[in-house]
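Note on naming: letters A, B, ... go to the chains in the order of the sequence lines (proteins, then strands), and numbering restarts at 1 for each one. Treat the numbers as computed from the prediction; the structure is a model and nothing was measured.
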Amino acid sequence: MSWLPQLHLRTKLVGSIVLTSVIAVLATSFAFVQYDRNQETATVSEDMKMLASIIANRSTAALIFGDARQAESNLKALGENPNVVMACIYDSGNDVFSYHHFTHLDQQPCPKNPKQSALTIGDSIEIYEPIELDNLLIGTLYMNVSLDWLSKRWREQITYIFYVVFMVLVAAIIVAKYLQMLLVRPIQQIASTARNITEQKDYSLRAKKGVKDELGDMVDVFNTMLSKIEEETESLYSSEEKFRQLSSLAPVGIFQINLENQITYVNNRWVEITGINQPLVNLEHWLGRIRMGDRRRTLKAWSELAQDHKPFVVEVGFEQEDNTITWSIIEASVLYDSKGVIYGYMGALSDITDLKNAQLQMENLAFYDPLTGLSNRRLFKDRLSKAVAESKRRGTFIALLFLDLDQFKRINDSLGHDAGDQLLVEVARRLQECIRESDTVSRIGGDEFTVLLTDIDSSHGVHHIAEKILQSLGKPIFLNNQEIINTASIGITLAPSDGDDDITLMRNADLAMYQAKANGRNNFQFFSEEMNKEMMGYLKIEKDLRTSIDSENDFIIYYQPKIDLINNRFVGAEALIRWIPDGKNMISPDRFIPIAEESGLIVPIGKWVLRKACMQVKQLMDLGVWPSDAKVAVNLSARQFSDPNLVANIQETLEITGCPVSILELEITESTLMDNVETAILTMRQIKEMGISIAIDDFGTGYSSLSYLKRFPIDILKVDRSFVMDIPSDLNDMAITAAVIAMAHKLNLRVVAEGIETTEQLDFLRSNRCEYGQGFLIARPMPASDLEDYIQLPRKVS
Amino acid sequence: MAKGWQVKWFLPLMIVLFASLQATVVHAELKTHQIKAAYLYQISKFVFWPEQRKQAEFFRVCQLGKDRYEGTLQKMTGRTVFNKPVLIQNIQNLQQASDCHLLIISSPKKMDKKTLRDWLAANQVLTVVDGATNSNVGMVAFVLENQRVRLHINLDLAEHSGLAFAANLLEVASHIERGKP
């Protein structure tokens, strides 16, 4: 029956009406014919039975008195009914007594062995009627009644039914055609309108309403729907046009990809960035142009997007035809249709080549010593912390060797800086010869080197390497045609036996190196815990800190002013803590902050600083001294930053002190943020939402990925003092500082330079359009009381 | 075929044939009486008897004169007509016949027709005779036609006596005598 739904509606309509009518007529007729047949048969049977009974009765005497002639004459009376074929009378011994045939053709003998009493209806009606006298059976009458007339009647009825069916058929076709016209025409109207709309894309067309019945209503509904579609189409068109314009004006490349990984839409900017101009390339072709280093990561992110619908942001480099690399950030997420079913992906592509180049250049400058090519202090510290983590994880030992050349200053002074540089290069070369490839040699300061040995078996191995180094460095070097003998002192510390963090290890190695110097130089010393405790007084400091936190009187805040480098205007101050334990001299923050950080005391101290700074600034504001747009910058330590109550604490502090949110700026070090980027972003967003500015402190010493940096809701970058310090003597640091400023500007961030001590530095920063600065040249850190005077001091615009 | 066989079987076969021929004649005579006796019993069923006649204790079959049925009538004994047992009686005169239902008149020729007719007007008795010529005395007469026992019916006499016959019986009668209209 699968053909049925494919038929035209009109065929189905006409067909069903005709079929129903014909079936109805046929069924009724045949039921009637059958009823008639049954009724007729019953009537005839009844009549014949009665007739048989009469004849049987009449035949008693003939039978009794053996009058066969009379019996036959009785039987002849049955001839009145033309359907009686034959009749027989049997005597009590079941012998034929008399019979009569009413037809001349096909005469049959009387049946043998007559039944006593029966009526059977088959091709003919056969009746056996007992002949009784005084309740005694004296014989049987047999009658055979033909039913041929019934068949004839039936044939006549069929013919009649045929005529009726024919007439009904004609009538049904006429009615059906009329109905078809009535029903199908409005539907055809709708269909042809819909077809015209599809072909001409003209949604203003409407179907004509010819009737006022339900079909007329349907036409109305259809037309209303068309109006709605017309409206929707127009709004869709304008929305799409808006999107198209936005997309073509957007500074980022926009792309849409379908589930078959074909790129179905790109804007002009995408073509510009990718350099792919052919339309409708597929995803593989596009991603195939990603440089090898980024490809696997991108494909993984893409497969996670496809499988888990996880949006992603990846930083990738595209290989261009001229072998240059275009750096981009690809962001993509899935597209849902109105039913919530995914039908493709959409994403944006940002060109970050300039930023990335600046970052790469900066990284290179930032992490390697340009003179010796060795990793510098920053990279070394990173490698050290990684090595410490790795050793903890794998349960192996590492050794840190701290080297200081014994006579470097003298050589430098006497033979000049060039000779000094040559010496350093040669020392670096010899050090690298002494170690395995997996070990790291770094130059962390003027004549200070470190050697990081990973995966060592015993202190004996380290002992051997240290001796080898001393021996190698002790060989003569020719500088300016002079043979020079240079020696070094080495401090050695082992992890995890001596300590399990980079700061402790560095301190230990430094300590051991001083011990080696004290022991007459040109030797190495292993660190011992006693040395450490004695020098650091670690526990003592921690104890004193706890006492001071309780009393709160031993801490004071110094404010180091920040100015606008263009007009020298006071723009804020960094709050710096100072600690003067009761009855003692001031202890340097470099000394106690690490201890406070390590012991967790930094959290209450930080809270105190925030509260105190807010209180004091509020006072200055109330006095009308503090400019409304100036900000007080408070440092947030890593511990504080990861404190889940941070935001609540800040809020509470602001409420208690009555200090407006807008004047607060929180400084967070880059390394703090990089510990757990996603959490850091969340925390920063919360802080930012409160209206507090965020500055990244010591920028350049961590490894901020540009993609992260873009996502950090920050306002200010603070260039680390270590870069500024060496301006103008160190060209590399100058380049880094310039790159950082340029990059910050690209990211719409403002820059604060720390540690400005000379006018050269100030000039350099100004020429690179660094917005703000702080440092001894501008003002030393000062207590709140002095700050009041400082702000009110007239400053000339340089 | 052996000659001895013919001699051996011929005589006995002839004897049997002759004997059987003799027997057939005797048998035919007997059978006619039996049929008549049977008919007598059956005829009584095709007669509409007046109600008071049905009140009798027996259905009396009386034979006036000598028994012409050679005792076959006795076979009716033990049967019933309108649920009354049949009783066979021999009587000598008409006066004895007033209780009878069925009266067989053995010698119809001797019966005075006038007397009988008057007697019948007072007594509802069905008279039966033998021979077609005696039908003025018997309401039912047994007549031999073509070797078969047939009935002649005197309807007039029956009506005179107040008896009526069923149409069935009349149909099988080969002759019906009707009264003048």
task: Count the heavy atoms belonging to other residues, nucleotides or ligands that lie under 6.0 Å from CZ of B/Phe82, then report whether that count exceeds 12.
output: yes
- request: Verify the neighbour count for atom CD of A/Glu80: are there more than 12 heavy atoms of other residues, nucleotides or ligands below 6.0 Å?
  value: no
query: Looking at B/Leu151, B/Thr80, B/Val81, which one has more heavy-atom pairs under 4.5 Å with chain A than the rest?
result: B/Leu151
- prompt: Is atom CD of A/Glu46 surrounded by more than 12 heavy atoms (other residues, nucleotides or ligands) closer than 6.0 Å?
  reply: no
Verdict with reasoning, A/Ile64 to B/Lys45, per side chain to side chain contact (heavy atoms under 4.5 Å, CB included): CA-CA 11 Å; A/Ile64 289 287; B/Lys45 293 184 176 176; over 6 Å; no
field: Residues, nucleotides or ligands: over 12 heavy atoms within 6.0 Å of A/Trp154 CH2
entry: no
query: So with a 6.0 Å cut-off around CD of B/Gln52, is the heavy-atom count from everything else above 12?
result: yes
query: Under 6.0 Å from the CZ atom of A/Phe30, do we count more than 12 heavy atoms belonging to anything else shown?
result: yes
- request: Verify the neighbour count for atom CD of B/Glu57: are there more than 12 heavy atoms of other residues, nucleotides or ligands below 6.0 Å?
  value: no
message: Using heavy-atom distances under 4.5 Å, tell me whether A/Leu136 contacts chain B through its side chain, its backbone, both, or neither.
response: side chain
field: Reported CG-to-CG distance for the pair B/Asn168 and A/Asn74, which is rounded to 0.5 angstrom
entry: 7.5 Å
- request: Could you please spell out the steps behind the salt bridge (Lys or Arg N to Asp or Glu O under 4.0 Å) verdict for A/Asp67 and B/Arg150?
  value: CA-CA 8 Å; A/Asp67 191 345; B/Arg150 305 301 299 256; 2.9 Å; yes
- prompt: Where on A/Asn57 is there a heavy atom nearer than 4.5 Å to chain B: the side chain, the backbone, both, or neither?
  reply: both
- prompt: Can you tell me how far the CD1 atom of A/Ile138 sits from the CD atom of B/Gln42, to the nearest 0.5 Å?
  reply: 7.0 Å
- prompt: Where do A/Ala61 and B/Leu169 come nearest, in terms of heavy atoms and distance?
  reply: CB-N, 3.8 Å
task: Test A/Phe65 against every option in B/Tyr41, B/Phe46, B/Phe142 by the ring pair (Phe, Tyr, Trp, His ring centres under 6.0 Å) rule and name the one that passes.
output: B/Phe46
